[in-house]
Amino acid sequence: MPQSEMWDLPLPGERGQRHIPHWFGNLAFAVVGFLCKLLWRYRVDGRENLRAFKDVSGVLVVCNHTSFLDVVFMYLSARPSQWIRLMGRDSLFDNAGGLLGQALSRVGAFPVKRDSADRGAIKRATSMLKSGELVGILPEGTRRGRGTAEMKLHSGAAFIARMGKAPILPMTVRNAELVKQKGKWLRFPKITVEFGQPLLVGDFDFFPKEERLDACTWYAMRECFALSQRIPAEEVDMAALFPSAKDYSAAFAEHPVERHSSAEVAAALAKAKQEKQ
C-alpha cells in the first residue's frame with residue numbers, strides 16, 4: 001500500500017472499515033517494546049490520563065523534545081490498546097528508498113514540512129482528532145541541545161487542537177536525552193514516560209484573539225517541562241528555555257487556568273457526544 005494512502009486511513013479501524021493494516025504495528029510494538037523494556041527498563045506513569053479518552057474523543061498529545069527516542073516512547077506508551085499518530089519530518093519518509101517511510105506510515109505516522117504552515121498536515125491531523133484518534137506532536141520542532149539553533153515554540157499544536165475540537169494532553173519522556181550524548185558512549189538509564197492532566201483550548205479565551213494559540217502552546221509546553229523536571233509548573237524557567245518567545249508567566253499568575261482531570265474532561269465530552277446523537 002502506498003505511503004500517502006495510509007496517511008489518510010484510520011488506525012485502528014472498525015470492522016468492515018478500510019484502515020491501515022495492523023500486523024506491522026503490532027510486530028513493531030512487540031519487538032521494539034521488548035528491546036526498550038530490556039535496555040532502558042522504561043515505565044509509564046499517568047497512563048490513565050490517556051486511557052480515559054479511549055473510545056470517547058481524539059486527543060492531541062504534546063511532548064518536549066530532547067532525544068531521537070522521544071517518538072519511540074510516545075508510540076510505545078499508548079500501546080497496545082491505543083495508537084498515537086505521530087507527525088514526523090517529511091524528509092524521514094524518503095530515507096532508505098522510502099522503506100523508512102513505509103514503516104513509519106504503517107505505525108500511523110504522517111509527514112509534516114518543518115518550519116512552514118503545512119496545511120495538508122494540519123488538515124490531516126485535524127481530521128484524525130475529529131475521528132477520535134490520538135495525534136502526537138513535538139511543538140519544539142527539533143531536539144533540544146542539537147546544534148546551536150535557538151529553540152522556538154510553534155503555535156500549530158494549539159491550532160490543531162482547536163480545529164479538531166480535542167483536548168491537549170502534555171507528556172514527557174524523562175532521561176531519554178542521556179542515552180546518547182555527544183562524545184559519549186551509548187548509555188542505558190531508566191526511562192520514564194509520564195502523562196499530565198489535559199488542557200482545553202477554550203480556557204485560554206481570556207487572552208486577546210491574536211495571542212490565544214501562542215499562550216495555549218506556551219502553557220502546554222510549560223506543563224511538559226514541569227513533568228520532565230518534576231517541579232511545579234510555575235517554577236519552570238520558560239524565558240531561559242525559549243528566549244525569543246513571549247513569557248506569559250505573569251499573565252498566568254494573575255489569571256490561573258482551571259485544572260481538569262482526564263476523567264472529568266472525558267465524561268463531559270462523552271455526555272456532549274451522547275446529546276448530539
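Values in this document were obtained by computation on a predicted structure and should not be read as measured data.
Remark: Lys190 is not positioned above the aromatic ring of Tyr42, lacking an NZ or CZ atom under 6.0 angstrom from the ring centre and at most 45 degrees off the axis.
Taking the six-membered ring where the residue is Trp, Phe206 and Phe204 present parallel rings, their angle staying beneath 30° rather than reaching 60°.
The shortest side-chain heavy-atom distance between Pro170 and Leu199 falls under the 4.5 Å cut-off. At least one side-chain heavy atom of Lys180 sits under 4.5 Å from a side-chain heavy atom of Phe68. Two residues are said to be in side-chain contact when any heavy atoms from C-beta on lie closer than 4.5 Å; Leu50 and Val61 meet this criterion. Within the 4.5 Å cutoff, the side chain of Leu9 has heavy atoms near those of the Met1 side chain. Counting only heavy atoms from C-beta outward, the side chains of Asp118 and Met87 never approach each other to under 4.5 Å. Between Leu27 and Val31, the closest side-chain pair of non-hydrogen atoms falls below 4.5 Å. A heavy-atom distance below 4.5 Å is not found between the side chains of Phe207 and Leu213. Within the 4.5 Å cutoff, the side chain of Val107 has heavy atoms near those of the Phe24 side chain.
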Quiz prompt | side-chain contact (heavy atoms from CB on, under 4.5 Å) evaluation trace for Ile191 with Val179 | solution = CA-CA 9 Å; Ile191 288 178; Val179 172; 4.0 Å; yes
Quiz item: Please walk me through it: do Asp214 and Lys246 pass side-chain contact (heavy atoms from CB on, under 4.5 Å)?
Solution: CA-CA 9 Å; Asp214 287 335; Lys246 180 173 180 178; over 6 Å; no
Exercise. Go through the steps to decide whether Ser262 and Gln197 satisfy the test side-chain contact (heavy atoms from CB on, under 4.5 Å), and finish with yes or no.
Key: CA-CA 6 Å; Ser262 285; Gln197 297 293 344; 4.1 Å; yes
Quiz item: Under the side-chain contact (heavy atoms from CB on, under 4.5 Å) criterion, do Leu129 and Thr126 qualify, and how do the steps go?
Solution: CA-CA 5 Å; Leu129 292 174; Thr126 298; 5.8 Å; no
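Atoms CZ and CD, on Phe53 and Gln82 in that order, are 10.0 Å from each other to the nearest 0.5 Å. Annotation: the span from Met6 atom CE to Gln102 atom CD amounts to 4.0 Å, rounded to 0.5 Å. Separating the CD1 atom in Ile122 from the NZ atom in Lys113 is a distance of 11.5 Å, to the nearest 0.5 Å. Annotation: the span from Gln229 atom CD to Asp237 atom CG amounts to 8.5 Å, rounded to 0.5 Å. Atom OG of residue Ser131 and atom CZ of residue Arg85 lie 9.5 Å apart, to the nearest 0.5 angstrom. Between Phe110 atom CZ and Asp8 atom CG the span is 9.5 Å, to the nearest 0.5 Å.
The two atoms that bring Glu140 and Phe242 nearest to each other are OE2-CZ, 3.6 Å, heavy atoms only. In terms of heavy atoms, Met238 sits closest to Phe225 at SD-CD1, 4.5 Å. Between Asn49 and Gly196, the shortest heavy-atom contact is ND2-O, 2.9 Å. When all heavy atoms are compared, the tightest approach of Phe93 to Ser105 is CE2-OG, 3.8 Å. The nearest pair of heavy atoms linking Cys63 to Leu138 is O-CD2, 3.4 Å. The heavy-atom pair separating Thr217 from Ser155 by the smallest distance is OG1-CA, 3.4 Å.
Heavy-atom neighbours of Lys123 NZ from other residues, nucleotides or ligands within 6.0 Å: at or below the threshold of 12. The environment of Glu235 atom CD is dense: over 12 non-hydrogen atoms of other residues, nucleotides or ligands sit within 6.0 angstrom. Within 6.0 Å of atom CD in Glu210, more than 12 heavy atoms from other residues, nucleotides or ligands are found, so the atom counts as buried in its surroundings.
For the 3.5 Å distance criterion, the side chains of Thr172 and Arg174 fail to qualify, holding no donor opposite an acceptor.
A donor-acceptor pair under 3.5 Å is absent between the side-chain atoms of Glu133 and the main chain of Ile84, judged by distance alone. Side-chain N or O atoms of Trp40 include one that pairs as donor or acceptor with a backbone N or O of Arg187 at under 3.5 Å.
When the side chains of ILVMFWY residues are joined at heavy-atom separations under 4.5 Å, either directly or via intervening members, Leu186 and Leu178 end up in two distinct hydrophobic clusters. Note: the hydrophobic cluster containing Leu227 does not contain Trp218 (ILVMFWY, side chain heavy atoms under 4.5 Å, direct or indirect links). One hydrophobic cluster, built from ILVMFWY side chains closer than 4.5 Å, holds both Val32 and Leu39.
For Arg259, the salt bridge (charged side-chain N to carboxylate O under 4.0 Å, His left out) criterion is met by Glu223, not counting sequence neighbours.
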Atom pairs and distances, side-chain donor-acceptor, residues 69-80, under 3.5 Å, sequence neighbours left out:
from, atom 1, to, atom 2, distance (Å)
Asp70, OD2, His65, ND1, 2.9
Asp70, OD2, Thr66, N, 2.7
Asp70, OD2, Ser67, N, 3.0
Tyr75, OH, Gly25, O, 3.1
Tyr75, OH, Arg79, NH1, 3.1
Ser77, OG, Phe73, O, 3.2
Ser77, OG, Met74, O, 2.7
Arg79, NH1, Gly25, O, 3.3
Arg79, NH2, Asn26, OD1, 2.7

